[in-house]
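Notes follow once the structure below has been shown.
For clarity, every value in this text was computed on a predicted model and none was experimentally measured. Only heavy atoms go into these numbers, but all of them, side chains included; no hydrogens, no water, no symmetry mates.
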Amino acid sequence: MADQFALAAGGATATVSAAGAELLRWSAGGRDLLWRPDPRFWAQTCPILFPVVGRSTRDRVAVCGSLYPMPLHGFAARRPFQIVEAAADRVVLRLVDDAQTRKLYPFSFMLDVTFRLQPIQLSVEFEVTNTGTATQPYALGFHPGFARSAAACIVFEADEDPAVPEIAPGGLLSHRRRQVPLADRALAVADSLLSQGALCFLDAKSRWLRLEQRDGSSITLAAAGFRHWAVWGKPGAPFICLEAWTGHADFETDSGELAERPSMRLLPPGGSAVHRLRMVAQSPRERFHGA
């Protein structure tokens, strides 16, 4: 099995790794759109989050009273995927449960991830299938890190609540809220904004976000089947993550029982669910919402 797979379409290129089904590179219109990892800040590019999103209480989950260790954002990003279909502009990767995953997550599942490249667009489809006999709780997330200029702005499709949950010590969500400078659906990216952890827009109204750069170029991330958005980065780092989530981290008060975790999806035996994302790159334009 190849470790990486290259896609090409109309001058655009992308590279997908079998390790974690991670998107490593995406170029369109002669521009590299993803950041290049720097371990001083973040060693990844675009991890897939599964079967949980965010931090779990005491880094473990409970299933029917039994405890299982659960790393931040689950384990899919650390597992090898199999390439099951491939064409010049499309690749399908698959992760299935095994003895190692069942030590963390005692469910039988299949996760298919399909990347399809077009000249200015990259589409990602996730299909989660419950191949076992018990109801399967899961959450899914997509965590791309985009290259950003010193001045960048995030524009939301709809008006969102500018009060987001604080991140508690240890990475859980707090019921306390903090205000972010979201005005007229636009949020200027600044180091001060990123210094207190991820901005989690839970149960968001927006079905798309757009990252606008100072030169007027932009990337729009549109999601179907995802309820939440997150914005994350590191002060001083030349990237910003726009993340689409179906679920989120535990709150400080949560019990740790996986099926009771807020916003988890519950798949019946033999059931499947599809979640779709679309990223569209636009060339420089005159308009820029930032200061």
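When atom types are taken as modelled, the side chain of Arg185 and the backbone of Phe156 share a donor-acceptor pair closer than 3.5 angstrom. Looking only at distances, a side-chain donor or acceptor of Ser206 sits under 3.5 Å from a matching main-chain atom of Glu157. No side-chain donor-acceptor contact under 3.5 Å links Asp184 to the backbone of Ala186. With Lys234 contributing its side chain and Phe41 its backbone, the two residues share a donor-acceptor pair below 3.5 Å. One N or O on the side chain of Thr246 and one on the backbone of Leu140 form a donor-acceptor pair closer than 3.5 Å. In this structure, the side chain of Ser217 does not engage the main chain of Gln282 through any donor-acceptor pair within 3.5 Å. Formation of a donor-acceptor pair under 3.5 Å by the Gln213 side chain with backbone atoms of Ser149 is found in this model. Here the side chain of Glu257 pairs a donor or acceptor atom with the backbone of Cys64 at under 3.5 angstrom. Between the side chain of Asn130 and the main chain of Ala134, a donor-acceptor pair closer than 3.5 Å is present.
In summary, the side chains of Glu125 and Ser123 do not present any donor paired with an acceptor at a separation below 3.5 Å, with no hydrogens or angles considered. Side-chain atoms of His175 and Thr253 include a donor-acceptor pair closer than 3.5 Å. Defined by atom type and a distance below 3.5 Å, a donor-acceptor pair is missing between the side-chain atoms of Gln4 and Thr15. Side-chain contact, Thr57 with Arg261: no donor N or O sits under 3.5 Å from an acceptor N or O.
Taking 4.5 Å as the limit, every side-chain heavy atom of Pro37 sits out of range of all side-chain heavy atoms of Phe239. With contacts defined as side-chain heavy-atom distances shorter than 4.5 Å, the pair Phe146/Met279 qualifies. Two residues are said to be in side-chain contact when any heavy atoms from C-beta on lie closer than 4.5 Å; Ile167 and Ser174 fail this criterion. Annotation: side chain of Phe201 is in contact with side chain of Val164 (closest heavy-atom distance under 4.5 Å). Between Leu172 and Phe251 there is no side-chain heavy-atom pair separated by less than 4.5 Å. Arg177 has its side chain within reach of Asp161: a pair of non-hydrogen atoms, C-beta onward, lies under 4.5 Å apart. At least one side-chain heavy atom of Leu187 sits under 4.5 Å from a side-chain heavy atom of Pro181. By the 4.5 Å heavy-atom criterion applied to side chains, Ser56 and Tyr68 are not counted as neighbours.
To the nearest 0.5 angstrom, Arg90 atom CZ is 10.5 Å from Phe5 atom CZ. The CG atom of Asp89 sits 10.5 Å away from atom CG of Leu122, with the distance rounded to the nearest 0.5 Å. The distance from atom CD1 of Ile154 to atom CD1 of Ile240, rounded to the nearest 0.5 Å, is 5.0 Å. Separation of atoms CG (Leu221) and CZ (Arg207) is listed at 11.0 Å; rounding is to 0.5 Å. The line from CG of Asp112 to CZ of Phe81 is 9.0 Å long, rounded to the nearest 0.5 Å. With rounding to the nearest 0.5 Å, the separation of CD in Gln136 from CG in Leu258 is 9.5 Å.
Both Leu34 and Val124 are members of a single hydrophobic cluster when ILVMFWY side chains are connected at heavy-atom separations under 4.5 Å. Residues Val63 and Tyr138 share a hydrophobic cluster, clusters being chains of Ile/Leu/Val/Met/Phe/Trp/Tyr side chains in contact below 4.5 Å. In this structure, Leu194 is not a member of the same hydrophobic cluster as Leu173, with clusters built from ILVMFWY side-chain heavy atoms closer than 4.5 Å. When hydrophobic clusters are built by joining Ile, Leu, Val, Met, Phe, Trp and Tyr residues whose side-chain heavy atoms come closer than 4.5 Å, directly or via intermediates, Ile48 is grouped together with Leu104. A chain of hydrophobic side-chain contacts below 4.5 Å, direct or via other Ile, Leu, Val, Met, Phe, Trp or Tyr residues, connects Val180 to Leu211.
Minimum interatomic distance between Leu117 and Ala9 (heavy atoms only, all atoms of both residues): O-CB, 3.5 Å. Considering all non-hydrogen atoms of both residues, Ala249 and Gly171 come closest at CB-O, 4.3 Å. Closest approach of Gln44 and Trp35 over heavy atoms only: O-NE1, 3.0 Å. Closest of all the heavy-atom pairs between Ser272 and Thr129 is CB-OG1, 3.5 Å. Among all heavy-atom pairs drawn from Arg148 and Ala150, the shortest one is NH1-O, 4.0 Å. Annotation for Thr131 and Phe109: closest pair OG1-N, 3.2 Å, computed over non-hydrogen atoms.
Screening Trp229, Trp245, Trp232 for a ring-ring contact (aromatic ring centres under 6.0 Å, His included) with His143, the sole residue that qualifies is Trp232.
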Legend entry - Phe126 vs Phe50, ring pair (Phe, Tyr, Trp, His ring centres under 6.0 Å): CA-CA, chis, key distance, verdict: CA-CA 11 Å; Phe126 303 89; Phe50 178 87; 9.4 Å; no
Inset, instruction - For side chain to side chain contact (heavy atoms under 4.5 Å, CB included), just list the numbers for Phe107 and Thr101, CA-CA rounded to whole Å, side-chain angles, deciding distance to a tenth of an Å, and then say yes or no. - result: CA-CA 8 Å; Phe107 298 97; Thr101 68; over 6 Å; no
Inset, instruction - Could you check Leu67 against Arg58 for side chain to side chain contact (heavy atoms under 4.5 Å, CB included), going step by step and ending with a plain yes or no? - result: CA-CA 10 Å; Leu67 294 175; Arg58 293 184 290 278; over 6 Å; no
Legend entry - Intermediate values then yes/no, side chain to side chain contact (heavy atoms under 4.5 Å, CB included), Val231 and Leu242: CA-CA 5 Å; Val231 175; Leu242 307 186; 4.2 Å; yes
Legend entry - Worked verdict on His73 versus Val53 for side chain to side chain contact (heavy atoms under 4.5 Å, CB included): CA-CA 4 Å; His73 292 322; Val53 171; 4.3 Å; yes
Residues 16-28 side chain polar contacts: donor-acceptor under 3.5 Å, at least two apart:
unit_1: Ser17; atom_1: OG; unit_2: Ala19; atom_2: N; d: 3.0
unit_1: Glu22; atom_1: OE2; unit_2: Thr45; atom_2: N; d: 2.7
unit_1: Glu22; atom_1: OE2; unit_2: Cys46; atom_2: N; d: 2.8
unit_1: Ser27; atom_1: OG; unit_2: Arg31; atom_2: O; d: 3.2

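When the shell of 6.0 Å around CZ of Arg265 is examined, it contains more than 12 heavy atoms from other residues, nucleotides or ligands.
Using a cut-off of 4.0 Å between Lys/Arg side-chain N and Asp/Glu carboxylate O, Arg176 and Glu166 are scored as salt-bridged.
Taking the six-membered ring where tryptophan is involved, the planes of His228 and His248 are perpendicular, since the angle between them exceeds 60° and thus also 30°.
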